[in-house]
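Below: one structure, written as structure tokens.
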Amino acid sequence: TSPESKGKPYTQCLAYSSDAGKSWTKYAQNPVLNQIAPGNRDPKVVWYEPKKEWVMALYFEGNDFGLFSSSDLKTWKQLQRFNFEGAGECPDFFEIQVEGSKEKKWVFTSASGRYLVGSFDGSHFVPEPKPQTMDHGPNYYAVQTYSDIPKNDGRRIQIAWMNGGTYPGMPFNQQMSFPCRLTLHKEVGEYRIHRNPVREIES
């Protein structure tokens, strides 16, 4: 809807930096992924080590999402399309270890804070049958986790946009939530995420 993009299809494009993010160059052959659905957007790209490939989670429209893979970030192959009822947009997709075990699971989250826990083999995500809700408050939306946290730290840290967070006398808007550490637990036969403010807040 901006003057630059009005009337153009939603596509996924690539930009790169060779100076640690001080400047950016748009890839000359953009888009790297053409429009699939009218409002497809919000790519989250993660590295899948077993296949040495990138995996992209992408919002399509309604409650539909997709997964794609690429070896070079420029050519993408669709792996899967699936429906996630009541999810919203802004997908996130990551692997996390189950607390107290060596087991690892993949988690797919959405803007609304609803999430699926399942398995992923590099080609197909198979979720557990019951979606979970991470937060029941009114100001928790568009959640994302930080990528590439140093291995010697190892935490999975999530932050949300505090949608609708307006309070008496507040001199600003559009603030973010406290960052929280996510941990995955197996409880009474199902997997659940626990979310706690990061320890740095105490200081």
Side-chain angles (χ1 to χ4, degrees), residues 12 14-25 27 32 42-59 65 67-74 76 79 90-128 132-135 137 139-162 174-187 190-203:
Q12 313 311 309
L14 176 67
Y16 62 91
S17 175
S18 57
D19 58 8
K22 294 175 184 175
S23 63
W24 293 85
T25 303
Y27 178 50
V32 295
D42 302 336
K44 178 63 181 282
V45 179
V46 298
W47 179 249
Y48 184 69
E49 180 64 27
K51 286 191 172 182
K52 307 295 183 188
E53 288 184 335
W54 299 97
V55 173
M56 178 197 298
L58 187 69
Y59 171 69
F65 295 84
L67 292 174
F68 299 79
S69 67
S70 174
S71 60
D72 61 5
L73 295 172
K74 296 179 286 188
W76 292 90
L79 302 173
C90 303
D92 193 2
F93 191 51
F94 55 87
E95 189 179 38
I96 189 170
Q97 188 164 329
V98 180
E99 292 292 297
S101 78
K102 294 183 178 179
E103 182 183 18
K104 291 185 177 181
K105 304 294 286 186
W106 281 82
V107 176
F108 190 97
T109 71
S110 67
S112 67
R114 285 170 63 80
Y115 65 95
L116 298 164
V117 178
S119 58
F120 180 63
D121 62 2
S123 299
H124 197 75
F125 174 59
V126 180
E128 300 285 322
Q132 305 284 355
T133 300
M134 203 174 298
D135 190 286
N139 310 128
Y140 179 79
Y141 195 74
V143 296
Q144 289 290 296
T145 59
Y146 291 95
S147 297
D148 303 322
I149 291 174
K151 288 185 178 180
N152 62 355
D153 183 316
R155 291 176 293 175
R156 175 61 57 173
I157 297 175
Q158 185 190 66
I159 195 166
W161 167 42
M162 291 182 66
Q174 307 298 333
Q175 78 274 26
M176 306 304 287
S177 70
F178 281 141
C180 289
R181 181 191 180 196
L182 305 183
T183 53
L184 184 63
H185 302 256
K186 192 169 186 179
E187 301 173 349
E190 62 184 18
Y191 297 93
R192 286 186 175 271
I193 285 180
H194 292 194
R195 201 169 102 255
N196 292 283
V198 294
R199 60 178 178 260
E200 287 83 354
I201 291 173
E202 295 179 2
S203 63

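Computed from a predicted model, the values in this text were never measured in an experiment.
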Using the rule given for side-chain contact (heavy atoms from CB on, under 4.5 Å), can you reason through Tyr27 versus Leu73, listing the C-alpha separation, both sets of side-chain angles and the distance that settles it, and then say yes or no? CA-CA 11 Å; Tyr27 178 50; Leu73 295 172; over 6 Å; no

State the [atom1]-[atom2] distance between [X] and [Y], to the nearest 0.5 angstrom.
| X | Y | atom1 | atom2 | answer |
| --- | --- | --- | --- | --- |
| Leu67 | His124 | CG | NE2 | 9.0 Å |
| Ser147 | Ile157 | OG | CD1 | 11.5 Å |
| Ser119 | Glu95 | OG | CD | 11.0 Å |
| Glu99 | Arg192 | CD | CZ | 16.0 Å |
| Ile159 | Met176 | CD1 | CE | 4.5 Å |
| Thr25 | Leu14 | OG1 | CG | 10.5 Å |

Results of ring-ring contact (aromatic ring centres under 6.0 Å, His included) for Phe125 - residues two or more places apart only: Phe93

Suppose we screen for ring-ring contact (aromatic ring centres under 6.0 Å, His included). Which residues come up paired with Phe65, at least two apart in sequence or across chains?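 Phe65 satisfies ring-ring contact (aromatic ring centres under 6.0 Å, His included) with Tyr59, Phe108 only.
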
Heavy atoms only: give me the nearest [X]-[Y] pair and the separation to one decimal.
| X | Y | value |
| --- | --- | --- |
| Gln132 | Tyr191 | NE2-O, 3.7 Å |
| Gln97 | Lys102 | NE2-CA, 3.9 Å |
| Leu79 | Gly122 | CD1-O, 3.5 Å |
| Gln144 | Cys90 | NE2-O, 3.3 Å |
| Lys44 | Pro91 | CB-O, 3.5 Å |
| Gln175 | Trp161 | O-CD1, 3.7 Å |

Apply side chain to side chain donor-acceptor pair (under 3.5 Å) to [X] and list each qualifying residue two or more places apart in sequence or on a separate chain.
| X | answer |
| --- | --- |
| Tyr140 | Gln158 |
| Glu200 | Arg155 |
| Thr183 | His185 |
| Asn196 | none |

Does the side chain of [X] reach to within under 4.5 Å of the side chain of [Y], using non-hydrogen atoms?
| X | Y | result |
| --- | --- | --- |
| Val143 | Tyr115 | no |
| Trp54 | Trp47 | yes |
| Leu184 | Lys105 | yes |
| Trp76 | Val32 | yes |
| Val198 | Phe178 | no |
| Met134 | Leu182 | yes |

Above 12 or not: heavy atoms from other molecules or residues under 6.0 Å from CG of Asp153? yes

Give a yes or no on whether the backbone of Ser23 and the side-chain of Ser17 come within a donor-acceptor separation of less than 3.5 Å.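 The answer is yes, because a donor-acceptor pair under 3.5 Å joins these two groups.
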
Closer than 3.5 angstrom, by distance alone: can the side chain of Asp92 be matched with the main-chain N or O of Thr145 as a donor-acceptor pair? yes

